[in-house]
Undergrad: 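Input: one structure, supplied below.
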Amino acid sequence: MRYLPLTPADRQSMLATIGAASIDDLFVDVPADARLSGPIAGLPNHASEMAVERHFSALARQNMAASHHPFFLGAGAYKHHVPATVDHIIQRGEFLTAYTPYQPEIAQGTLQMLFEFQTQVARLFGCDVANASMYDGSTACYEAISMAGRVTKRHKALLSSGLHPHYVSVAKTMAHFTGDTLETATPALDGTDMAHLLDAVDGETACVVVQYPDILGRVEDLGPIAAKCHEKGALLVAVVTEPVALGLFKSPGEMGADIVVGEGQSLGVGLQFGGPYVGLFACKEKFVRQMPGRLCGQTVDASGKRGFVLTLSTREQHIRREKATSNICTNAGLCALAFSIHMTLLGERGLRTLAEVNHANAVAAAERLARVPGVSLATRTFFNEFTLNLPKEARPVVRALADKGVLGGVSLGRLYPGAAALANGLVVAVTEVVTPEDIETLATALEEVLA
Amino acid sequence: MTQLNQSGWKPEMKALSPSGEGGYVETFTGNRALMLEEPLIFEIGGRETCGVDFVDLPLPLRGEGRGEGAGKPSQADTPLSQPSPLKERGLERATPIGLPGLSEPETIRHYTRLSRQNYAIDLGLFPLGSCTMKHNPRLNEKVARMAGFADVHPLAPHETVQGALAVIHELAHWLVTLTGMKAVAMSPKAGAHGELCGVLAIKAALQARGENRPVILVPESAHGTNPATAAFAGFRVESIPATAEGRVDVEALKAKLGPDVAGVMITNPNTCGLFERDLKTISDAVHAAGGYVYCDGANFNAIVGRVRPGDLGVDAMHINLHKTFSTPHGGGGPGSGPVVLSEALAPFAPLPFVVKRGEEFVLIEEETAGEHHGQSFGRMTAFHGQMGMFTRALAYILSHGADGLRQVAEDAVLNANYILRSLDDVLDAPFGGSGPCMHEALFTDDNLAEGFSTLDIAKGLIDEGYHPMTVYFPLVVHGAMLVEPTETESKATLDQFIGALRSVANRARQGDLALKSAPHFAPRRRLDETLAARKPVLVWKEEGAGD
Ligand SMILES: Cc1ncc(COP(=O)(O)O)c(C=O)c1O
């Protein structure tokens, strides 16, 4: 077996050192009736690298990869071009095969990168501080709700109807067990959602959660809802599932959000069928001791040189156990590295240009698609994603488009099964990878499918 | 912004060479040959520098000057978005973000230099107990990057992702088979998230029975995530003591069982590196009292292919794919924590999950759950879990096969016992007398010289070229040192490590003062953690930017 260095002779001599007659002697604590006498049934014996690779190649070929087709899916996961440099660096063994930096003297590489990542995220979100990552956007969102409860000592969260429905589901799962109250709604295509939300904030509200841009692609000023929250003593939690948007739009922090969380998958990480992704978590400095997850901080070493360590661990499970702010341990470190490298390659100017290209492509696509007979645009202010109203149910349309080799978008029927008012909605994301030809292909295919 | 040598030597740092460490020469750069200092991107990057070219600009952005004022959102305006809603509503970013950029060569160099300040399993033995730092096969990296897995969208129509769903289904099958359980929830993102999954399933099962049981019992030796998880899910945590032999005190546990106890969370093999012999007895007692058994499966690597937790009465157990099945730790994550479930808890498994209907793989989500899985407690994360870890873990399982996996457990246990018996004359092995250990060997700081501690041994090992073992965990012994070599180390590597740890242990026993200031040869000396926590600096600020 190519991964196991011990030889039979090694094993014998080691058993002798230990004073055991056989390997079975080392398993004496396992009750005899629980010991399996032979290899697990059904699983073949070890396989060559070539055989395993073949097995996976065959399965991989059964999937429609985003790069191989005109591709317009978004709704919380975006296809962006990731520079080759990113994957090269995250495959360096010193990053890939390191552990959590608990021994800082020999983990400065990971720690400095986390410090840079935290700074990038905090600045992008317009916040004072950010942590060293969460699992993904949806769990970061729940953690933010939970943190707002600790800060305000209140137990009611208002979730905007524009929040990704899967994020809503995750929050509901947790609230069901913790007893917190969640108020939720399905989005209204007429855009009256924000007004309802503003009215609902009251003195019991721990936080209001808004997504920016939201699930339909809409972008709204968060200033009024922030002001309302603060007037009532509640926190505003903003969720960003497409961080590239912040190259062009004001950050939620600038508009008054107290906690800003997000999905960092867009930068550096890739689609990966849903994971691993990277949860971004930032907030105002005054809440730092209520934050979940690891934090990297600057300090000095015994000879006065600058260095970095994991810090404020008294918030965390390994120190505080049942009193910890969260149970998270393993986070998304390597994806945070990928995000940070991509962001470093872009820099301020690159991020802005990337955002402009996305926006321009989306505008061009929206224009073209709105000219398809029967189709209208339901989103007016958007970044790189918008919602179309089709003349019929969108789910079968998406499948019919796929049959034509076009991955045309995410139907609202998939996201909100059973919501009749939304059944004709199609969410279309258009990033820098989309070409004018792709747009034309989608438009033509849509015309055919709708005809 | 470019600044030289922020972290390197400065004149005021003179005369820091500790005694007994002659020959320390300062350099202008702060570098020491291959040990290279590296500033922060904020110190070397520029606001105009960019390592990505945008040449194929879309029509609306083409032609215009790319200088000042260019590229405002209004440029992208078409009749459709005229007048620009962004501008009209004041949503356009008005102030700079403050993100530095680097060209590609600078980027490669920055991160390559940083990487060299890290220890990693690729460099040597990484004996972190409980963490299972084993070799990460590169085939698995290759497989995970195949476009059919890495470049597919989680909401793509099912018909277009049959191969990806097949991978999830196949891995699920082997996890269930290897553990002897009924079902598996694949979506949890890491071990702690898996614990949450299991505990929520228990809570859902109790709710279905119309019972409210507020307490979860957790042994003192448990990992911090166990009590944190139980509390996060709204349970009260009560602790169960360990016996002198380092195992759960069965009588003490039984005494606590009652109508208020929802279940127990037990790690097996436990965090002292010992098999919980009485787990079946415990399970039976817990079940008889109406509770459920959660098993922390972080240490499943010690028994994979030899013991099936399902045979021990376990109701739920997470498997850290990043431990037992070798998906890389990546400097802290990502991981993956599928949870295998018993017949009793399977109906409450979270959404979504994959089922096979005829030849077709189907993803069961909120909408489809109603038919057969109406009791599911709901969704734990936006999509279907850590696909990139599933491909790697499945490649690991298929590569090892039934014979290889069994050998994995055997070699892991053999290596740990070899370390235990090769060092128990210089280091106190608190449970060494009671028999063999499983995959990790536990020592304490018992017979070190006055003023010397586990920390000094750990830092001494760094100078010897090793990552230290897990220190001060588990909490049930004083100054714990938990050594987990894993199965992917050769005997020669183990012998050298044993020699090094023996030497450091002897120095600690003899009171060698040089050990107190170790490490001497790492990129950094001991770091001031108190300062870091007292005055937290969590983001970079321009000098003079004020607080
Ligand atoms: C015994 C034990 N339980 C649980 C965990 C938590 O797992 P994760 O870090 O994947 O969340 C760990 C990992 O460090 C562990 O060692």
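Every chain is numbered from 1, with letters handed out A, B, ... down the list of sequences.
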Undergrad: Can you tell whether the side chains of B:Arg93 and A:Glu254 come within less than 4.0 Å, N to carboxylate O?
TA: yes

Undergrad: Check whether A:Met343 gets within reach of chain B through its side chain, its backbone, both or neither, counting any heavy atom under 4.5 Å.
TA: both

Undergrad: Can you name the closest pair of heavy atoms from A:Leu334 and B:Pro334 and give their distance?
TA: CB-CD, 3.9 Å

Undergrad: Considering only heavy atoms, which portion of B:Glu489 lies under 4.5 Å from any heavy atom of chain A: side chain, backbone, both, or neither?
TA: backbone

Undergrad: Check the pair B:Asn118 / A:Thr110 against side-chain hydrogen bond (donor to acceptor under 3.5 Å, both in side chains), numbers first and verdict last.
TA: CA-CA 7 Å; B:Asn118 272 0; A:Thr110 294; 2.7 Å; yes

Undergrad: Answer with side chain, backbone, both or neither: which region of A:Pro83 has an atom nearer than 4.5 Å to a non-hydrogen atom of chain B?
TA: side chain

Undergrad: In terms of heavy-atom proximity below 4.5 Å to chain B, should A:Leu346 be classed as side chain, backbone, both, or neither?
TA: both

Undergrad: Do B:Lys459 and A:Glu105 sit within salt-bridge range, that is, some charged N less than 4.0 Å from a carboxylate O?
TA: yes

Undergrad: Quick one: which of B:Arg406, B:Met146, B:His153 has the most heavy-atom pairs under 4.5 Å with chain A, could you say?
TA: B:His153

Undergrad: Side chain from CB out, backbone as N, CA, C, O: work out which of these in B:Ile462 comes under 4.5 Å of a heavy atom of chain A, or both, or neither.
TA: side chain

Undergrad: Any salt bridge between A:Asp136 and B:Lys189, counting N to O under 4.0 Å?
TA: yes

Undergrad: Between B:Leu274 and chain A, which part of the residue has a heavy atom less than 4.5 Å away: side chain, backbone, both or neither?
TA: neither

Undergrad: Check each atom of B:Val307 against the heavy atoms of chain A and say whether the ones under 4.5 Å are side chain, backbone, both or neither.
TA: both

Undergrad: Between A:Thr314 and chain B, with a heavy-atom cut-off of 4.5 Å, which part of the residue counts as in contact: side chain, backbone, both or neither?
TA: neither

Undergrad: Could you tell me which residues satisfy ring pair (Phe, Tyr, Trp, His ring centres under 6.0 Å) with A:Phe95, sequence neighbours excluded, listed by chain and number?
TA: none

Undergrad: Could you have a look at B:Arg116, B:Lys280, B:Lys203, B:Glu487 and say which one has the most heavy-atom pairs with chain A under 4.5 angstrom?
TA: B:Lys203

Undergrad: Side-chain contact test, heavy atoms from C-beta onward, threshold under 4.5 Å: evaluate it for A:Leu6 versus B:Lys491 and give yes or no.
TA: yes

Undergrad: Flag the pair B:Arg277 / A:Val30 as yes when at least one side-chain heavy-atom distance between them is below 4.5 Å, and no otherwise.
TA: no

Undergrad: Please report the closest heavy-atom contact between A:Ala122 and B:Val539, naming both atoms and the distance.
TA: CB-CG1, 4.0 Å

Undergrad: Would you please test B:His400 and A:Tyr3 for ring-ring contact (aromatic ring centres under 6.0 Å, His included) and show each step?
TA: CA-CA 8 Å; B:His400 283 82; A:Tyr3 303 136; 5.3 Å; yes

Undergrad: Against chain A, label B:Ala230 side chain, backbone, both or neither, depending on which of its atoms sit under 4.5 Å from a heavy atom there.
TA: neither

Undergrad: Considering non-hydrogen atoms only, spot the tightest contact between B:Thr391 and A:Phe56 and give its length.
TA: O-CZ, 3.6 Å

Undergrad: Select one option (side chain, backbone, both, neither) describing which atoms of B:Arg379 are under 4.5 Å from chain A's heavy atoms.
TA: both

Undergrad: Please look at A:Ala34 and chain B and tell me whether the side chain, the backbone, both or neither of the residue comes under 4.5 angstrom of a heavy atom of that chain.
TA: both

Undergrad: Would you say the ring centroid of A:His176 lies under 6.0 angstrom from that of B:Phe377?
TA: no

Undergrad: Need one label for A:Ile18: side chain, backbone, both or neither, based on atoms under 4.5 Å from any heavy atom in chain B.
TA: both

Undergrad: May I ask you to test the B:Phe149-A:Phe273 pair for a side-chain heavy-atom distance under 4.5 Å?
TA: no

Undergrad: Non-hydrogen atoms of chain B under 4.5 Å away: do they reach the side chain of A:Leu354, the backbone, both or neither?
TA: both

Undergrad: Closest heavy-atom contact between A:Leu59 and B:Ala166?
TA: CD2-CB, 3.8 Å

Undergrad: At a heavy-atom separation under 4.5 Å, does A:Thr139 approach chain B through its side chain, its backbone, both, or neither?
TA: side chain

Undergrad: Between A:Thr311 and chain B, with a heavy-atom cut-off of 4.5 Å, which part of the residue counts as in contact: side chain, backbone, both or neither?
TA: side chain

Undergrad: Looking at B:Asp122 and A:Arg92, is there a salt bridge between them, counting it only when a charged N and a carboxylate O are closer than 4.0 Å?
TA: no

Undergrad: Are B:Leu91 and A:Asp221 packed together at the side-chain level, in the sense that at least one heavy-atom pair is separated by less than 4.5 angstrom?
TA: yes

Undergrad: With sequence neighbours excluded, what pairs up with A:Phe27 under the ring pair (Phe, Tyr, Trp, His ring centres under 6.0 Å) test?
TA: none

Undergrad: Chain B heavy atoms under 4.5 Å from A:Leu246: which part of the residue, side chain, backbone, both or neither?
TA: both

Undergrad: Should A:Ile23 and B:Val413 count as side-chain neighbours, where that means a heavy-atom distance under 4.5 Å?
TA: no

Undergrad: Could you report the tightest heavy-atom contact between A:Cys329 and B:Thr225, atom names first, then the distance?
TA: CB-CG2, 3.6 Å

Undergrad: After noting the C-alpha distance and the side-chain angles of B:Lys142 and A:Glu53, does the key distance pass the salt bridge (charged side-chain N to carboxylate O under 4.0 Å, His left out) rule?
TA: CA-CA 9 Å; B:Lys142 185 173 182 186; A:Glu53 197 173 325; 2.8 Å; yes

Undergrad: Passes side-chain hydrogen bond (donor to acceptor under 3.5 Å, both in side chains), B:Asp151 versus A:Ser67? Steps please.
TA: CA-CA 7 Å; B:Asp151 195 26; A:Ser67 306; 2.4 Å; yes

Undergrad: Under 3.5 Å, is there a donor on one side chain and an acceptor on the other for A:Thr344 and B:Tyr111?
TA: yes

Undergrad: Do the non-hydrogen side-chain atoms of A:Arg11 and B:Gln407 ever get within less than 4.5 Å of each other?
TA: yes

Undergrad: Examine whether an atom of A:Lys172 lies under 4.5 Å from a heavy atom of chain B, and if so say whether it belongs to the side chain, the backbone or both; otherwise answer neither.
TA: neither

Undergrad: Sort A:Ser133 into side chain, backbone, both or neither according to what part of it lies under 4.5 angstrom from a heavy atom of chain B.
TA: neither

Undergrad: Under 4.5 Å from any heavy atom of chain B, what part of A:Arg321 do you find: side chain, backbone, both or neither?
TA: both

Undergrad: Locate the shortest heavy-atom distance separating A:Val309 from B:Glu529; write the atom from each residue and the value.
TA: CG1-CG, 4.3 Å

Undergrad: For A:Ile90, is it the side chain, the backbone, both, or neither that has a heavy atom closer than 4.5 Å to a heavy atom of chain B?
TA: side chain

Undergrad: Determine, using ring centers only, whether A:Tyr99 and B:His467 are less than 6.0 Å apart.
TA: no

